[in-house]
4 protein chains.
Amino acid sequence: MPRTPEQFEALREKSQQKILRAALECFANNGFHTTSMNTIAKQAGISVGLIYNYFESKNALLQAIILDGCTQISGMFEMPEDTTNPYEKMRVLLDAYFTSLRENIEFWKLYSRLLVQPDVMQALQETLATVFAEIFSWLEAYFQAIDAEDPQSEAKVLGAIFDGIGLHYMLDPEHYPLDAVKQLLLQKYAQPLHSGETS
Amino acid sequence: MPRTPEQFEALREKSQQKILRAALECFANNGFHTTSMNTIAKQAGISVGLIYNYFESKNALLQAIILDGCTQISGMFEMPEDTTNPYEKMRVLLDAYFTSLRENIEFWKLYSRLLVQPDVMQALQETLATVFAEIFSWLEAYFQAIDAEDPQSEAKVLGAIFDGIGLHYMLDPEHYPLDAVKQLLLQKYAQPLHSGETS
Amino acid sequence: MPRTPEQFEALREKSQQKILRAALECFANNGFHTTSMNTIAKQAGISVGLIYNYFESKNALLQAIILDGCTQISGMFEMPEDTTNPYEKMRVLLDAYFTSLRENIEFWKLYSRLLVQPDVMQALQETLATVFAEIFSWLEAYFQAIDAEDPQSEAKVLGAIFDGIGLHYMLDPEHYPLDAVKQLLLQKYAQPLHSGETS
Amino acid sequence: MPRTPEQFEALREKSQQKILRAALECFANNGFHTTSMNTIAKQAGISVGLIYNYFESKNALLQAIILDGCTQISGMFEMPEDTTNPYEKMRVLLDAYFTSLRENIEFWKLYSRLLVQPDVMQALQETLATVFAEIFSWLEAYFQAIDAEDPQSEAKVLGAIFDGIGLHYMLDPEHYPLDAVKQLLLQKYAQPLHSGETS
DNA sequence: CATGAATGAGCATTCATTCAT
DNA sequence: CATGAATGAATGCTCATTCAT
């Protein structure tokens with residue numbers, strides 16, 4: 001009784017997801033170079049050979065993971081249609097970011113780690129450069145919208161804050177005061193400065 | 001006629017420096033795992049074996065480099081004796097930091113990279129944890145001195161800014177607006193807020 | 001269509017045996033330190049890497065060989081159930097020993113060689129100490145059974161004879177008068193002394 | 001004030017002896033391959049380079065040690081002029097052997113170890129073969145003198161006893177019953193058998 | 001004569017990748 | 001589709017030996 005093409009597809013999808021999840025966990029926790037294909041296979045509960053049925057190489061596997069993650073990051077910048085107020089937008093972004101930090105810590109670990117591994121980066125540079133550009137242009141637009149004096153630099157600083165917090169949070173998730181920091185950022189960036197000045 | 005102990009010492013010092021410099025450059029640009037001892041030797045213009053006359057292992061070599069760098073980082077927080085005003089102190093710190101970023105870009109590359117490689121970190125964790133703690137306590141003291149509402153979170157955010165900027169700068173030093181960003185930070189952190197508002 | 005577990009098991013068994021045999025031959029003829037893993041692989045007709053699928057390290061490989069051999073040595077002291085007469089037992093032992101010397105000359109070479117390599121011995125000491133103790137207690141029991149004056153010393157001397165002969169035989173197997181020596185030992189140790197003197 | 005040639009010679013002799021002693025100790029305790037030239041130099045309190053002023057190579061150093069030892073072994077077989085009785089000769093030999101075992105344990109360790117290291121042996125084979133031949137012919141002469149039935153085999157067995165005891169003693173010098181074993185051998189080999197038979 | 005820094009070939013070990021079944 | 005045994009190039013590290021002083 002041969003399987004239908006749909007069943008095949010579903011099986012493939014399932015195996016691929018298992019591999020991606022296993023690889024993400026291993027890379028994030030032990031580093032890319034330190035993780036062997038055998039380790040990933042064991043973690044995924046499959047054989048080494050099978051990985052090569054789905055991914056051309058260890059590097060290709062890594063790229064697939066990153067691509068997944070970039071989609072997610074980009075998603076954070078998508079706003080509900082009716083959100084037009086810049087402060088409101090920033091609130092949505094900060095919410096999304098801090099939620100993601102907590103929920104996808106594995107990915108953020110990996111992301112931070114890869115960001116800075118030049119050998120790994122070569123292949124990803126293009127992909128990441130695009131995402132980076134998108135993010136910074138979004139941030140600049142925000143600072144222009146609220147009439148900041150130097151929107152570009154403000155965007156750089158806020159971008160640095162995002163990556164810096166991600167990095168520090170991931171170094172010691174247990175003790176990082178994620179909520180307090182979020183509050184501070186909401187206060188700094190998601191509300192008009194000197195709100196009561198004119199009264 | 002054997003060399004005098006002083007001559008030997010000079011030779012040793014010279015070789016060690018050659019090795020440290022070569023290793024920093026290689027690690028920073030190509031990553032720790034991707035750099036082989038042979039590569040370092042070639043870069044330093046010496047033989048592989050010689051490296052092991054000065055450093056017990058590849059890891060020990062890395063640690064020596066990091067230790068060097070930590071001393072440098074700590075140095076940034078040492079103020080001239082007569083600097084008591086917190087804003088003045090912050091100005092000195094920001095100056096030191098941005099100068100160091102520009103002058104020791106190799107080290108900052110390496111630093112950012114290592115910060116996030118769990119396998120490499122094991123051995124360095126203690127060393128780095130100490131430096132981190134020092135830095136954050138310095139920053140907290142600053143925010144307490146200027147009567148910030150939530151000094152801890154402010155310190156976290158400013159710490160994130162430092163590491164985030166370092167990371168972004170090093171990803172593309174040519175195009176990063178280092179000066180503009182520095183000016184913005186001076187404005188944000190090194191002068192009283194709303195100082196002249198009421199006048 | 002993957003192989004069945006039984007097929008894999010058979011493959012593994014075969015490779016492992018190939019490795020053990022090749023390693024024994026190399027170690028025995030060229031010494032432990034002088035034999036490289038590459039040499040063993042070449043001798044076994046496989047790749048270096050494969051050895052590490054079966055043995056954790058060069059030392060582990062050596063230990064596996066020794067363990068095999070110790071089982072064999074111990075076997076020499078196992079007597080047929082109906083052998084109760086001590087002289088008869090000694091005859092069986094001498095037979096077993098000289099047969100083994102001839103048939104497993106490779107192992108005896110290795111054994112003699114390792115016995116005296118302190119650096120290699122560290123790991124094997126426990127294993128070998130046990131075997132040694134067993135042998136000497138067997139020999140002492142024999143000398144007690146035939147009412148020797150100083151069973152312990154007699155055991156030491158006979159033990160020395162075994163190892164000494166092994167060592168000399170293996171230095172020049174072609175010319176060693178193994179049979180004549182065996183006859184002499186049978187005469188010395190496997191028959192009552194002066195049995196017919198008084199007749 | 002230049003030194004006289006005699007003084008030079010004395011200095012050379014002294015250094016050479018220091019090296020030989022240090023090397024013997026290291027080789028004996030840690031094995032030939034495991035001992036590095038640096039270790040020997042440190043043990044001798046001199047520099048590596050100096051060793052090469054006196055010995056062509058590590059192997060040459062080893063050979064020199066062995067040659068020294070062989071002279072010593074040969075010496076054990078030299079009898080006082082007036083010793084003509086074979087039993088008396090055997091007594092002298094056994095005395096010499098057991099005394100040497102105790103006093104030159106380092107050398108015997110090394111000797112036993114080298115005897116069985118084929119790679120090391122290559123170079124020494126000739127030297128050692130000569131010594132071996134001498135010893136066995138001495139022993140055979142003894143057994144001929146006392147009218148043994150199979151002098152050659154008796155010589156092989158006694159030779160085996162010597163090397164076997166040496167080997168076992170050196171494996172655990174603390175607990176080996178050297179004296180009792182010596183007594184037993186004196187009884188077995190250094191006095192007429194059945195001394196009272198004819199009475 | 002004496003020193004020890006410097007060399008580089010050689011070794012054990014790892015691991016991404018292949019492939020017969 | 002799936003398996004895991006097999007490959008072999010690459011890497012960290014050691015150590016006998018050389019040589020400038």
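Chain letters run A, B, ... following the sequence lines, proteins first, then strands; residues in each count from 1. Computed from heavy atoms alone, side chains included, the values below leave out hydrogens, waters and symmetry copies. None of the values given here were measured: they were computed from a predicted structure.
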Side chain of B/Y54 (C-beta onward), nearest among E/dA6, F/dT17, E/dT17
E/dA6
Value in whole Å for how far the P atom of E/dC11 lies from CD1 of C/I51:
14 Å
Examine F/dT14: is either OP1 or OP2 under 4.0 Å from a nitrogen or oxygen in the side chain of B/Y52? Give yes or no.
no
What integer distance in Å separates B/N53:CG from E/dT3:P?
17 Å
Residue set satisfying side chain to side chain contact (heavy atoms under 4.5 Å, CB included) with D/Q16, at least two apart, ordered chain then number -> D/E13, D/L20, D/Y54, D/F55
What is the separation between atom CG on D/N30 and atom C1' on F/dC15, rounded to the nearest whole Å?
15 Å
Sorted by chain and number, sequence neighbours left out, side-chain hydrogen bond (donor to acceptor under 3.5 Å, both in side chains) with A/Q72 holds for A/N104
C/I19 atom CD1 is separated from E/dA12 atom C1', nearest whole Å, by 15 Å
Answer with base, sugar-phosphate or nothing: what part of the nucleic acid does A/S57 contact at a heavy-atom distance below 4.0 Å?
sugar-phosphate
Inspect the surroundings of CD in C/Q17 and state if more than 12 heavy atoms from other residues, nucleotides or ligands are less than 6.0 Å away.
yes
What pairs with D/L67 under side chain to side chain contact (heavy atoms under 4.5 Å, CB included), at least two apart in sequence or on another chain?
D/T127
Close N/O contacts between protein and nucleotides 8-11 of chain F (under 3.5 Å):
none

Report the distance from atom CG of C/L61 to atom C1' of E/dC11, rounded to the nearest whole Å.
15 Å
For atom CD1 of C/I40 and atom P of E/dG10, their distance in whole Å:
18 Å
From CD1 of B/I46 across to C1' of F/dC13 the rounded distance in Å is 14 Å
Looking at CG of C/L11 and CD of C/E6, how far apart are the two atoms once the value is rounded to the nearest 0.5 Å?
12.0 Å
Interatomic distance where NZ belongs to A/K42 and C1' belongs to F/dG4 [whole Å]:
11 Å
Using the ring of D/F27 (Phe, Tyr or Trp, six-membered ring only), decide whether D/K109 places NZ or CZ under 6.0 Å from its centre and within 45 degrees of its axis.
no
Does A/F32 have A/K58 sitting over its ring (NZ/CZ under 6.0 Å from centre, angle to axis within 45°)?
yes
Measure across B/I51 and B/L61 and return the closest heavy-atom pair with its distance rounded to 0.1 Å.
CG2-CD2, 4.2 Å
When you measure from every atom of DNA chain E, which of residues 5-15 of chain C have a heavy atom less than 4.0 Å away?
C/Q7
Pairing annotation in dot-bracket form, given for DNA chain E with Watson-Crick or G-U pairs under 3.5 Å and | for cross-strand partners:
.||||||||||||||||||||
Interatomic distance, CD1@B/I66 vs CG@B/L110, rounded to 0.5 Å, equals 4.5 Å
Quick one: side chain to side chain contact (heavy atoms under 4.5 Å, CB included) partners of C/S36, sequence neighbours excluded?
C/N38, C/T39
Would you please name every residue forming a side chain to side chain contact (heavy atoms under 4.5 Å, CB included) with C/Q7, sequence neighbours left out?
C/R3, C/T4
